[in-house]
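These notes are about the structure you will find just below.
For the numbers below, each heavy atom of this structure counts, side chains included, while hydrogens, waters and symmetry mates do not. Naming: A, B, ... by sequence-line order, numbering from 1 per chain.
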Amino acid sequence: MPELPEVETVVRSLRPLIEGRRILSAEFDGSRIFRGSAEGAAAELAGQRIEHVGRMGKFIAIRLDRGALAVHLGMTGRLLFDAEPTKWTHAVFTLDSGTLLYDDPRQFGRIEYGPELPERLLLLGPEPLEVTPQEFARRLKTKRSPVKAALLNQSVLRGVGNIYADEALFRAGIRPDALASRLGRERVLRLHRAVQEVLSEAIDSRGSSVSDYVDAEGRKGGFQASHRVYRRDGQPCTVCGSEIRRIVLAQRGTHFCARCQK
DNA sequence: GTTGTTACCTGTACGC
DNA sequence: TGCGTACAGGTAACAA
């Protein structure tokens, strides 16, 4: 499931392959992946040059010379360069050199096209790797929800998903069901540091391949081997040896060590 | 205004 | 072997 480190890895692998290329044609199937008029978008996309490939939280932001594409990989979305189409290929961008495919079995992903990036992307919270401890603390202070729900809330912080929320809370020694607004200053600072650490390490490992995530060239990530709590329920805690527990919080499987996390 | 819940999706794992 | 069922979870829409 692509979160910030996985999307960042896709963007980094995509950038040298497609930046500067021109879109010759774009085709979309009739699935729910594409928002808006696929035919209109395909007509407008033809002939445009790809100026820049960037990331906003979990969104891939592709700036063109006369418009912008926003791609969200959802749970199982893949942007693949020069790959063979599958029965789950929902979009094909033929470039002047190479082909870009969008594959997505579960169809939780989205592709949007417009003259600018969608406005709601601009309303997302700050980038976790750039947010200051003060701003992070201010945002958590206003949330009367469990801290894990606050971390998953993209208007609080953009890019953290289920894996890295669990891993960051473990590193910070904070229970996922602790109330965000009640966290003391020291704990908030620890969490801020933990979020940045775990995301940076995951980017260095090219993301986590838990189910089927791969980058634009089909390569898996390696950070799943470094998970300390995520999907390790029943196994011993790497720090204290007690059993990692699993609960459901914010409708998500949530993994933590009851002894290390208070 | 804020928080919580549900629908959308299908491949995979598991039990019988 | 084959079938049914639970589970995975990001976002949007809706309910409380």
What integer distance in Å separates A:Met56:CE from C:dT11:C1'? 16 Å
So, are A:Glu135 and A:Arg139 salt-bridged, with charged N and O less than 4.0 Å apart? yes
Report the residues that fulfil ring pair (Phe, Tyr, Trp, His ring centres under 6.0 Å) with A:His192, sequence neighbours left out, ordered by chain and then residue number. A:Phe136
Distance test, side-chain N/O of A:His72 to OP1/OP2 of C:dT11, below 4.0 Å: yes
Look at all strands and tell whether A:Gly253 reaches a base, only sugar-phosphate, or nothing, counting heavy atoms closer than 4.0 Å. sugar-phosphate
For residues 79-91 of chain A, pull every pair meeting salt bridge (charged side-chain N to carboxylate O under 4.0 Å, His left out), keeping only residues two or more places apart or in separate chains. none
When rounded to whole Å, the OH to P distance for the pair A:Tyr213 and C:dG10 reads 15 Å
Distance flag, aromatic centroids of A:Phe93 and A:Phe28, threshold under 6.0 Å: yes
Length of the line joining A:Leu152:CG and C:dG10:P, which is rounded to integer Å: 7 Å
Among all residues two or more places apart in sequence or in another chain, which pass the salt bridge (Lys or Arg N to Asp or Glu O under 4.0 Å) test with A:Arg228? none
Please give the angle, rounded to 10 degrees, between the axes at the start and the end of the helix from B:dT2-C:dA16 to B:dC16-C:dG2, where five pairs define each axis. 50°
Partners of A:Arg15 by salt bridge (Lys or Arg N to Asp or Glu O under 4.0 Å), sequence neighbours excluded? A:Glu19
Could you check how far CG of A:Leu157 sits from C1' of C:dG10, rounded to whole Å? 15 Å
Salt bridge (charged side-chain N to carboxylate O under 4.0 Å, His left out): pairs with one or both residues in residues 160-179 of chain A, sequence neighbours excluded: A:Lys148-A:Asp166, A:Arg171-A:Glu197, A:Arg171-A:Glu201, A:Arg175-A:Asp177
Figure out the CG/P separation between A:Leu4 and C:dT11, and round it to whole Å. 11 Å
Pairs under 3.5 angstrom only: tabulate donor-acceptor contacts from the side chains of residues 57-71 of chain A to other protein residues two or more places apart or in another chain.
{"from": "A:Lys58", "atom 1": "NZ", "to": "A:Val160", "atom 2": "O", "distance (Å)": "3.3"}
{"from": "A:Asp65", "atom 1": "OD1", "to": "A:Arg49", "atom 2": "N", "distance (Å)": "3.2"}
{"from": "A:Asp65", "atom 1": "OD2", "to": "A:Arg49", "atom 2": "N", "distance (Å)": "3.4"}

Partners meeting side chain to side chain donor-acceptor pair (under 3.5 Å) with A:Arg22 (sequence neighbours left out): none
Scan for salt bridge (charged side-chain N to carboxylate O under 4.0 Å, His left out) pairs involving residues 237-246 of chain A, sequence neighbours excluded, and state none if there are none. none
I'd like a list of close polar pairs between nucleotides 12-14 of chain C and the protein, N/O only, cut-off under 3.5 Å.
{"from": "C:dA12", "atom 1": "OP1", "to": "A:Arg120", "atom 2": "NH1", "distance (Å)": "2.5"}

Residues clustered with A:Leu123, ILVMFWY side-chain links under 4.5 angstrom: none
d(CE, A:Met75; C1', C:dA8) in whole Å: 5 Å
Along nucleotides 3-10 of chain B, 5' to 3', which nucleotides get a B, which get an S, and which get a -, given that the test is a protein heavy-atom distance under 4.0 Å? SSBB-BBB
Between P of C:dG10 and CD1 of A:Ile60, the distance in whole Å: 15 Å
Between B:dG11 atom P and A:Arg78 atom CZ, what is the distance in whole Å? 13 Å
